[in-house]
Amino acid sequence: MSESRRDQYLRTWHKDLFKGKVCLITGGSGTICSKQAEALVVLGCSISIIGREQNGVDKTVKELSEIRTDVRVVGFGGCDVRSFDSVQSAVKKTVDQLGRIDFLVCGAAGNFLADFNHMSSNAFKTVIDIDLLGSFNAVKACYEQLRQNRGSIIFISATLHYYGVPFQSHVSAAKAGIDALSNALAVELGPLGIRVNCIAPGPIGGTEGFQRLVPNKKGFASKIPLQRVGSVQDIANATIYLFSDASSFVTGTIQVVDGGFWQMGNFN
Ligand code: HXC
């Protein structure tokens, strides 16, 4: 991992903040989620990565395993969050190998640009199933562990559905559903000591979303109030905060990490 990222995490957070904890991450070999995992490992958290692509999962597990020797990292490829049985099986193997699950990141997502006229019913359903049903399945499969350990959940949402973004009707609908799921679960699961929050990333450099949704990158940073494109580290820092005791009275929130971009509205 990059030394500058490690140094920043260790300047801000205690190196053993998450020692003894275990986090399961769906879509864990993606650009954003693998860097959330990296930050958690730096701070002592063991990790279980779940993903559809075996090669991507293997590569991420290898990279994470090299960061810290007293932390365990396991991965389960070939796991499709649309299938509850598939997620349940990976959760069971995680508990067998790592002993527990304290934190869950629901990060598995699908996206492509498609205008309404060229989007089939199955294309729309595919994204709803990966993003929304997949998030539900992950919580459902981890529920017993999260209950026992008074755990914490982070859903990966977006800001697309705060306004209208063309060619993203499927993703926007899915992410709006995730926000609603998060709100309801925060209220239902709060009395059990389970905290539930969303992170809504804005334009984050190096991600597929940024590549696809921002074709013209020249001068783009100047459209963002904080005058820069976001980094995967920005999302990782929000993740650390939401899993740490610093946010022990925080649930049912959507942590927007976008440099103030969506607040610009029509000024862009
Ligand atoms: C129109 C499309 C399409 C496209 C697929 N489909 N791509 N329709 N335009 N570009 C249609 C197919 O024709 C099919 O419908 C249906 O979608 C399912 O396609 P499959 O390829 O069979 O599905 P599957 O193999 O399950 O793949 C799912 C996927 C794929 C979402 C389509 O792109 C994927 O696996 N993506 C995972 C990785 C990914 O996209 N990550 C990006 C995350 S970024 P028919 O009718 O033909 O059967 C992100 C950021 C969001 O989420 C926020 C941005 C700010």
Side-chain angles (χ1 to χ4, degrees), residues 25-37 49-57 59-60 77-84 86-87 105-135 137-138 154-179 181-182 198-217 220-221 223-224 229-232 234-235 238-239 254-265 268:
I25 307 182
T26 70
S29 52
T31 314
I32 284 182
C33 290
S34 62
K35 294 302 180 290
Q36 291 175 291
I49 296 285
I50 289 181
R52 265 204 294 169
E53 301 294 333
Q54 186 71 53
N55 288 344
V57 170
K59 182 170 174 287
T60 306
C79 175
D80 191 329
V81 292
R82 288 171 285 189
S83 154
F84 177 72
S86 180
V87 185
V105 176
C106 298
N111 193 8
F112 45 81
L113 290 172
D115 70 284
F116 179 78
N117 191 34
H118 293 96
M119 185 162 13
S120 68
S121 172
N122 188 46
F124 186 87
K125 180 178 184 298
T126 297
V127 170
I128 299 288
D129 283 355
I130 296 173
D131 292 27
L132 181 53
L133 178 64
S135 295
N137 284 342
I154 295 175
F155 295 106
I156 303 300
S157 185
T159 58
L160 301 168
H161 50 293
Y162 300 171
Y163 43 99
V165 175
F167 314 134
Q168 289 285 279
S169 59
H170 48 337
V171 180
S172 302
K175 298 297 192 185
I178 286 175
D179 289 0
L181 177 67
S182 178
C198 289
I199 292 177
I204 304 296
T207 61
E208 284 182 58
F210 187 64
Q211 275 307 114
R212 292 177 199 175
L213 292 176
V214 185
N216 188 3
K217 297 184 178 54
F220 180 75
K223 297 179 175 183
I224 300 173
V229 167
S231 69
V232 286
D234 292 318
I235 306 300
T239 306
I254 297 168
Q255 179 72 68
V256 177
V257 183
D258 75 340
F261 184 59
W262 87 266
Q263 303 281 5
M264 290 289 286
N268 277 318

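Counting convention: from 1, in listed order, for ligands and their atoms alike. The residues of the chain are indexed from 1 along the displayed sequence.
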| query | Quick one: does ligand 1 sit under 4.0 Å from the side chain of R52, the backbone, both or neither, non-hydrogen atoms only? | reply | side chain
| remark: In short, I204 meets V232 closest at the heavy-atom pair CG2-N, 3.7 Å
| request: Answer yes or no for atom 12 (C) of ligand 1: protein heavy atom present at a distance under 4.0 Å? | output: no
| query | Does L213 reach the side chain of L160, with side-chain heavy atoms less than 4.5 Å apart? | reply | yes
| Starting from atom 42 (C) of ligand 1, which protein heavy atom do you reach first, and at what distance in Å? | E208 OE1, 3.6 Å
| request: Check ligand 1 against G110 and write out every atom of the ligand that is under 4.0 Å from a heavy-atom position of the residue. | output: 31 (C), 40 (O)
| Judged by modelled atom types alone, do S157 and D179 share a side-chain donor-acceptor pair under 3.5 Å? | yes
| query | Protein heavy-atom contact under 4.0 Å for atom 52 (O) of ligand 1? | reply | yes
| said: Applying a heavy-atom cut-off of 4.0 Å, say which part of L213 lies close to ligand 1: side chain, backbone, both or neither. | reply: side chain
| request: For the pair W262 and Y163, name the ring-plane relationship: parallel under 30°, tilted 30 to 60°, perpendicular over 60°. | output: parallel
| said: Residue-level breakdown please: for A123 versus ligand 1, do any non-hydrogen atoms fall below 4.0 Å on the side chain, on the backbone, on both, or on neither? | reply: both
| request: List every atom of ligand 1 that sits less than 4.0 Å from any heavy atom of S120, numbering the atoms from 1 in the order shown and giving each element. | output: 15 (O), 45 (P), 46 (O)
| message | Tell me whether M119 reaches ligand 1 (any heavy atom closer than 4.0 angstrom to a ligand atom). | response | no
| said: Under the side chain to side chain contact (heavy atoms under 4.5 Å, CB included) test against I130, which residue among V127, L132, T126 passes? | reply: T126
| message | If we count only non-hydrogen protein atoms and require a distance under 4.0 Å, does atom 2 (C) of ligand 1 qualify as touching the protein? | response | yes
| Exam field: side chain D131 to backbone G110, donor-acceptor pair closer than 3.5 Å | yes
| At under 4.0 Å between heavy atoms, which part of N111 makes contact with ligand 1: side chain, backbone, both or neither? | both
| query | Is the shortest distance from atom 22 (O) of ligand 1 to a protein heavy atom below 4.0 Å? | reply | no
| query | So, does K35 use its side chain to make a donor-acceptor pair with the main chain of G30 at under 3.5 Å? | reply | no
| Donor on one side chain, acceptor on other, N111 and Q168, under 3.5 Å | yes
| message | Return the closest protein heavy atom for atom 18 (C) of ligand 1 as residue, atom name and distance. | response | T126 OG1, 3.3 Å
| Nearest neighbour in protein (non-hydrogen) for atom 10 (N) of ligand 1 | F112 CB, 3.5 Å
| task | Would you confirm whether any non-hydrogen atom of the protein falls under 4.0 Å from atom 35 (O) of ligand 1? | result | yes
| task | For residues F220 and F210, establish whether the separation of their ring centroids is below 6.0 Å. | result | yes
| said: My question is simple, although I want it checked carefully: is atom 46 (O) of ligand 1 less than 4.0 angstrom from any protein heavy atom? | reply: yes
| message | Is the contact between R82 and ligand 1 made by the side chain, the backbone, both, or neither, using heavy atoms and a 4.0 Å cut-off? | response | side chain
| said: Within the 4.0 Å heavy-atom shell around A109, which atoms of ligand 1 are there? | reply: 37 (C), 38 (C), 39 (C), 41 (N), 43 (C), 52 (O)
| task | Could you tell me whether the side chains of S231 and D234 share a donor-acceptor contact shorter than 3.5 Å? | result | yes
| query | Would you find a donor on one side and an acceptor on the other, under 3.5 Å apart, between the side chain of S86 and the backbone of D80? | reply | yes
| field | K217 atom NZ: more than 12 heavy-atom contacts under 6.0 Å | value | yes
| field | Protein residue, atom and distance nearest to atom 14 (C) of ligand 1, heavy-atom basis | value | N122 ND2, 3.9 Å
